[in-house]
Structure formats: structure tokens, C-alpha cells
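Read the numbers this way: they start at 1 and go in the same order the structure lists the ligands and their atoms.
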Amino acid sequence: MKFNELGLSAELLRAVKEQGYETPTPIQREAIPHILAGHDILAGAQTGTGKTAGFTLPLLQLLKNHESGPRLPRALILTPTRELAAQVNESVQTYGKYCPVRTMEIYGGVSARPQITKIRRGVDVVIATPGRLLDHVRQGNIDLSRVEMFVLDEADRMLDMGFIRDIKQIIKELRTDRQNLLFSATFSKEIRDLANNLLNNPAEIQVATRNTTADRVEQLAYPVDKARKRELLAEMIGRGNWQQVLVFTRTKHGANRLAKQLNQDGITTDAIHGGKGQGARTRALRDFKAGKVRVLVATDIAARGLDIERLPHVVNYELPHVPEDYVHRIGRTARAGQDGTAVSLVCIDEKKLLQDIEKLLKRDIRKEYVPGYEVDTRIKADPIQKGRQRRQGGPRPAGKSPGGARRPAKNVGKNQRKRFSKSRRSSAS
Ligand code: AMP
């Protein structure tokens with residue numbers, strides 16, 4: 001199937017052509033005709049599937065079809081993070097290049113003033129995170145009563161982030177005969193409940209198999225002591241000559257600390273997380289994409305939905321509490337036909353988290369270890385629990401300092417890697 005068979009206007013097809021897209025992706029093939037026909041949509045699609053164009057193109061087309069009246073927002077796209085809002089706005093502008101639409105992004109962490117000015121000037125499409133949008137609603141800065149198309153992007157993440165009440169408040173502001181499009185990578189009971197309340201006889205579309213990881217991603221787990229993770233990571237980056245690495249930590253503090261340490265190791269690194277101002281986050285992402293920064297350390301929330309082309313390496317410096325987040329994290333690599341690796345550094349405290357991930361994936365992740373970084377079997381597990389502050393560095397046997405007794409091996413090539421033996425694994429528990 002070709003793009004010009006989807007019923008899109010010449011202006012949109014021209015913009016698509018300029019992007020170099022040859023054929024629509026599965027989500028685009030399925031979603032675009034339904035959306036153009038005015039149906040509500042419940043779509044299971046992860047980032048990387050082309051879902052943004054899947055809803056943006058028909059949305060632009062429908063706005064074009066009914067131009068009239070004052071310029072109040074007619075389409076609202078809600079996203080969980082500021083970065084995603086900015087990214088989606090970029091897509092709307094790219095695809096709407098030849099359409100007379102005005103778009104804007106609305107999110108917190110930046111001054112509200114310029115946003116208010118822009119709203120007053122008139123806008124057709126608003127891409128927003130829920131909190132700041134609701135502030136504008138409450139202060140009477142924005143009138144959403146003309147919104148006829150409502151998109152919830154990454155709905156599962158929005159619920160994870162506790163946005164459900166804000167979302168419900170916002171929905172009350174919209175006209176009741178609107179079209180609703182809900183996109184989610186996973187379908188929990190909460191998402192189903194939300195979909196049942198929000199959507200009217202929706203077309204259901206599922207493009208990526210639920211909760212499975214991209215086949216192209218090579219996934220490896222390296223059992224290693226907590227206190228030696230940083231050293232091992234620096235070694236892997238150096239020996240492998242990795243030039244663009246996205247590293248995940250569980251906490252903002254952990255992200256900052258790791259970024260600082262890696263910089264001290266001579267590896268240019270920046271961190272991106274919810275505790276940073278928007279300017280710093282945008283800058284970090286731009287520098288990382290441009291190759292000025294080699295490593296970007298991120299928390300799950302900040303990294304969600306980021307579209308970084310050809311990202312070859314994702315590292316789970318710490319495993320996520322929620323197994324689904326692992327799937328989201330490693331979905332950052334092996335995009336658009338590229339291969340990628342996802343490496344997890346797993347300390348004994350995280351054994352249960354790894355097992356939960358393997359259960360979700362319905363398969364084992366291959367264990368490898370680097371000579372010189374063998375786990376110290378005398379260290380007892382202090383299992384990671386959500387909401388509990390972890391001890392820094394972890395218990396260390398007497399007489400050992402970080403990197404003291406066992407130096408890393410010189411080579412970390414495939415030949416040097418050995419299978420992490422079952423006996424070692426069980427003795428470590
Ligand atoms: P998304 O899933 O919306 O984040 O899109 C992932 C990436 O796929 C983006 O970089 C898009 O520019 C790209 N993309 C979207 N549609 C197509 C297409 N039909 N052909 C090739 N690339 C596409």
C-alpha cells in the first residue's frame with residue numbers, strides 16, 4: 001500500500017514525501033482510514049511504530065476539512081512528558097507544513113506568559129502535558145470547548161504518572177461529540193476502564209504484540225556487584241567504543257551521580273530527569289542527538305517516548321521496578337530497521353526484578369560476565385523494593401575497596417565473555 005491510497009490530501013502527501021517515507025507503517029495503514037472516517041480508536045502501539053504520523057496526518061486532514069469560526073483549539077493531544085509534547089508538536093509542524101494550521105505546545109517547567117500570549121493569538125492544535133494545561137483552564141486562559149479531536153498519547157504512562165484525575169478534569173472541558181484516539185503500549189485494567197469511559201464504539205488496532213520486545217534488540221544481562229557497576233559501564237563504553245549510549249537509572253539522584261562519575265572518567269555525559277529545568281533537558285537531548293554528548297543518563301519518566309534515531313546502545317544501569325518499563329527502555333534501540341543492544345547491569349539486589357522481567361518477556365535474558373567483575377558471593381541480597389530508599393553502594397566484605405582487589409580484565413570482547421553459570425547464580429542468592 002502507498003500513502004496516496006489512504007485518502008490524504010496533496011499537502012499532507014507532499015510533506016510525507018519530503019520526509020522520505022515510502023510506505024505507511026502498519027499502524028498508519030490501519031489507523032488513518034478509521035480516523036478519517038471519524039471513528040474513535042483504541043490503538044496498541046509503541047513508540048517507533050510511526051504512531052505519531054498515524055494520528056497526526058488524519059488529524060490535520062480533518063481540521064482542514066472544517067475550517068471556520070474563531071481560532072479556538074480544535075484538536076488536543078495530551079502526552080505524559082514535556083519532551084514528548086515537544087516532539088509531537090515537531091511532527092505536527094512537519095506534516096502540517098503545507099496546511100494552514102497553528103499549533104503550540106503547553107507544558108510546565110517554563111514560563112506560562114508566552115503560552116498565554118500564543119493561546120490568545122489563536123491556535124488550532126494544542127499538544128500538552130496535563131498539569132500545565134489544567135492550570136491554564138483553571139485560570140481561564142484557554143477555552144477547550146471547541147475541541148473536536150482528542151488524542152491521549154502513551155496513555156499507560158500517563159496513568160503510571162498519576163495523571164488520571166487531571167485527564168478526567170480536562171475531558172470535562174471538551175465538547176461531547178468529539179472524536180477520541182487513545183494510544184497505549186500496554187493494556188492494564190486501568191487503561192481498559194479509561195477506554196470504556198472515553199471511547200465510543202472504537203476501532204481496535206494492535207500493531208506490536210503486547211509486551212514483547214523488538215526481535216532485533218540483542219539483550220544481555222551482566223551480573224555484577226552494585227559497587228562495581230560504574231567501573232564496568234565505563235569499561236564497556238571505552239572498550240566497545242560506544243559513541244551514543246542511553247543509560248537508565250531508577251532515580252534522579254542516581255542519574256546525576258552517575259553522570260558526574262562518568263564525566264570524571266572522561267566520558268562526556270549528561271543527565272535528563274524530571275528534576276531538571278526544561279532548558280537543561282532540551283539542551284541535553286539536543287547535544288546527545290548531535291553526538292556532542294556520548295552518554296545520556298535518564299530516568300524512565302524523562303526518557304519515555306523520546307525518538308532518537310539509530311540509537312545503538314541502551315544500558316539498564318539499574319533495572320526498573322516495573323517490568324513493563326524494561327520493554328519501554330529497550331524500545332529506544334534498534335529503531336527503524338537498525339540493530340541494537342540492550343545491556344542490563346544486574347546486582348544481587350535486583351535478582352527478583354530481573355526474574356519479573358523474564359517472566360513478562362516469557363524468556364530468559366542471556367547472562368554474560370566480564371572477567372574481573374565476577375560477583376562477590378559473600379554479598380547478601382538487599383532486594384530492591386519500590387518506594388524504599390536504597391542503601392548507597394551496598395554492603396562490602398571486609399578488606400575490599402571499590403575496584404581494589406580485583407582489577408578489570410583488559411579485554412571485554414565477545415571471546416572473553418563466559419556464560420554466567422547456574423551454580424554461580426544460585427550461590428549468589
Ligand atoms: P513514532 O512511533 O511516531 O515515534 O515514529 C518513529 C519514527 O518513525 C519517527 O522517526 C518517524 O519519523 C518515523 N516514521 C514514521 N512514519 C514512517 C514511515 N511511514 N516510514 C518511515 N519512517 C517513518
Side-chain angles (χ1 to χ4, degrees), residues 1-9 12-36 41 43-61 75 77-97 103 105 125 127 151-158 181-186 205-210 212-214 216-217 244 246 285-286 288-290 298 300 302-312 314 327-340:
M1 185 185 244
K2 297 210 176 82
F3 269 105
N4 62 14
E5 294 169 64
L6 289 170
L8 295 169
S9 69
L12 293 168
L13 290 174
R14 191 171 156 205
V16 164
K17 196 167 176 202
E18 280 180 16
Q19 286 306 298
Y21 304 163
E22 309 217 325
T23 50
T25 65
I27 183 83
Q28 292 161 0
R29 276 202 299 273
E30 292 206 44
I32 291 173
H34 278 299
I35 300 173
L36 288 178
I41 290 256
Q46 299 182 352
T47 312
T49 53
K51 70 181 162 74
T52 316
F55 65 75
T56 302
L57 288 168
L59 182 145
L60 287 165
Q61 169 115 354
I77 303 168
L78 287 186
T79 69
T81 65
R82 304 163 189 176
E83 280 78 14
L84 193 56
Q87 213 165 274
V88 170
N89 189 20
E90 216 172 276
S91 294
V92 178
Q93 287 176 349
T94 302
Y95 304 130
K97 199 170 161 190
T103 80
E105 54 204 44
V125 184
I127 302 102
V151 184
L152 260 186
D153 195 12
E154 313 229 343
D156 49 352
R157 176 54 92 178
M158 293 228 232
L181 316 176
L182 188 153
F183 289 79
S184 188
T186 54
I205 299 170
Q206 181 73 46
V207 290
T209 322
R210 196 184 151 187
T212 56
T213 3
R216 312 180 93 98
V217 184
Q244 201 182 32
L246 182 63
L285 186 61
R286 195 186 50 220
F288 182 62
K289 282 186 176 181
D300 289 287
R304 174 75 177 184
L306 295 184
D307 180 28
I308 305 164
E309 273 178 57
R310 291 186 291 279
L311 185 56
V314 167
V327 180
H328 295 314
R329 287 178 176 191
I330 76 162
R332 314 291 92 218
T333 183
R335 312 277 298 270
Q338 307 286 320
D339 289 331

Mark up the atoms of ligand 1 that fall under 4.0 Å of a heavy atom belonging to [X], in ascending order.
| X | answer |
| --- | --- |
| T52 | 1 (P), 3 (O), 4 (O) |
| K51 | 1 (P), 2 (O), 3 (O) |
| T23 | 18 (C), 19 (N), 20 (N) |
| T25 | 17 (C), 18 (C), 19 (N) |

Closest approach of A53 to Q28 (non-hydrogen atoms, all atoms of both residues):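 Looks like CB-NE2, 3.4 Å.
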
Which atom of I41 lies closest to which atom of H34, heavy atoms considered: CD1-CB, 3.6 Å

Ring pair (Phe, Tyr, Trp, His ring centres under 6.0 Å) against Y95, all qualifying residues, sequence neighbours excluded: none

N/O donor-acceptor pair under 3.5 Å between Q61 side chain and S9 backbone: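 Checked: pair present.
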
E22, portion touching ligand 1 at heavy-atom distance under 4.0 Å: neither

Heteroatom proximity flag, F3 to ligand 1, N/O under 3.5 Å: no

Exercise: do T103 and N89 side chains pair donor with acceptor under 3.5 Å: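 N89 and T103 do have a side-chain donor-acceptor pair below 3.5 Å.
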
Within residues 25-35 or reaching into it, pairs that qualify as salt bridge (Lys or Arg N to Asp or Glu O under 4.0 Å) - sequence neighbours excluded: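 Qualifying pairs: none.
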
Any V16 heavy atom less than 4.0 Å from ligand 1: no

